[in-house]
Amino acid sequence: MDVCLSSEQPPLHLQDAPRTPSGRFEPAPAAEGAPREEEEGTGGTPGDTNNMDPSLHGLQQFVPTDYESYTQEHYLFAGAKIVIQESIESYGAVVWPGATALCQYLEEHSEELNLQDAKVLEIGAGPGLVSIVASLLGAQVTATDLPDVLGNLQYNLLKNTLKRSAHLPEVRELVWGESLEQHFPRSAFYYDYILASDVVYHHYFLDKLLATMAHLCQPGTVLLWANKFRFSTDYDFLEKFKQVFDTTLVAEFPESSVKVFQGILKWD
Ligand SMILES: C[S@@+](CC[C@H](N)C(=O)[O-])C[C@H]1O[C@@H](n2cnc3c(N)ncnc32)[C@H](O)[C@@H]1O
């Protein structure tokens, strides 16, 4: 997996923190007596909701994911400092390169994408960076993933969007290809954007993933899919994707081998 983890102290002054091309920024050492990151926002110690603002307990639908060890990564998107609680114990608990690329794309194109109040659903949201950035840019976000990563996902979403976003993001279970019409009936759900980052890699659910992407799209829906291309199977998926979606390559990040595609479902 092409992710690099660090667990430095958070910066004292955001403006002093240099931002890397991936959106991750390098924290400066905290001054003595400065508040620690854990004392800011809604969070306490990682994974712990006991220190959370009492008004938030009702929102906590998912138990914190029980990973042995956590680290915190710092990002800077949409003018906000974002802290993501990660664990290397799950693919769904680390930020992948497609996520930072998609965040950069959303940030740079926020006006033309018109994300303000847009209805957005992310599939395979993992630790939630893309959903957080879409929410900070004004969208009404539903972040989805497998059940076991939802606790950490919700923790990160709350910590980074509460009192910052106009619409508090929602977290829902969505297993690719499973009971889609039951849980996300097309007659009841409409999304302006479906977002997906690094959902294509070496796994057995690629056909179910493509069926899920198609199910969630209706006329007017734009799917934005960012992926690091590593394996020949990634390109095989792209060919199948092109059969189902009118596909445009909208951005490329050669330094990370990430491509961002826009897909519009074919209706003929
Ligand atoms: C490589 S991670 C990418 C996470 C995040 N999108 C990012 O780019 O940082 C793939 C994500 O897809 C989710 N996933 C894998 N198989 C899935 C399935 N069958 N149904 C739903 N989500 C799945 C994983 O839990 C994980 O969060």
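Counting starts at 1 for both ligands and their atoms, in listed order. When reading the values below, keep in mind they use all heavy atoms of this one structure, side chains included, and skip hydrogens, waters and symmetry mates.
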Measure the shortest side-chain to side-chain distance between [X] and [Y] over non-hydrogen atoms and say whether it is less than 4.5 angstrom.
X	Y	answer
T100	V258	no
T71	V94	no
Y75	V95	yes

Show the atoms of ligand 1 that are less than 4.0 angstrom away from any heavy atom in [X].
X	result
A99	7 (C), 8 (O), 9 (O)
S197	3 (C), 5 (C), 6 (N), 7 (C), 8 (O)
V175	20 (N), 21 (C)
V95	9 (O)
G92	26 (C), 27 (O)
Y91	2 (S)
D198	1 (C), 2 (S), 3 (C), 8 (O), 10 (C)
V94	9 (O)

Worksheet item: Could a heavy atom of A125 be found less than 4.0 Å from some atom of ligand 1?
Response: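 Contact present.
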Fill in: Whether L174 lies under 4.0 Å from ligand 1, heavy atom
yes
Worksheet entry | Any N/O pair G124/ligand 1 closer than 3.5 Å |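 N/O-N/O distance below 3.5 Å exists for this pair.
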Item to complete: Could you tell me the separation between the CD atom of Q72 and the NZ atom of K159, rounded to the nearest 0.5 Å?
Response: 5.5 Å
Worksheet entry | Shortest heavy-atom approach to atom 26 (C) of ligand 1 - which of L102, D145, T100 | D145
Item to complete: May I ask which of F205, Y204, Y201 has a heavy atom nearer to atom 15 (C) of ligand 1 than the others do?
Response: Y201
Practice prompt. Please work out whether any backbone atom (N, CA, C, O) or any side-chain heavy atom from C-beta onward of A196 is under 4.0 Å from ligand 1, and answer side chain, backbone, both or neither.
Written response: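 Within the 4.0 Å criterion, A196 makes no contact with ligand 1.
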Practice prompt. Applying side chain to side chain contact (heavy atoms under 4.5 Å, CB included), run through Y105 and L113 and close with a yes or a no.
Written response: CA-CA 10 Å; Y105 181 79; L113 295 172; 4.2 Å; yes
Discussion item. Is the distance from the ring center of F245 to that of F261 below 6.0 Å?
Written reply: no
Worksheet item: Quick one: are the ring centres of F231 and Y201 less than 6.0 Å apart?
Response: no
Discussion item. Tell me which pairs pass salt bridge (charged side-chain N to carboxylate O under 4.0 Å, His left out) where either residue lies in residues 111-134, with sequence neighbours left out.
Written reply: none
Item to complete: Any salt bridge (charged side-chain N to carboxylate O under 4.0 Å, His left out) involving residues 189-204? Give me the pairs, sequence neighbours left out, ordered by first then second residue.
Response: none
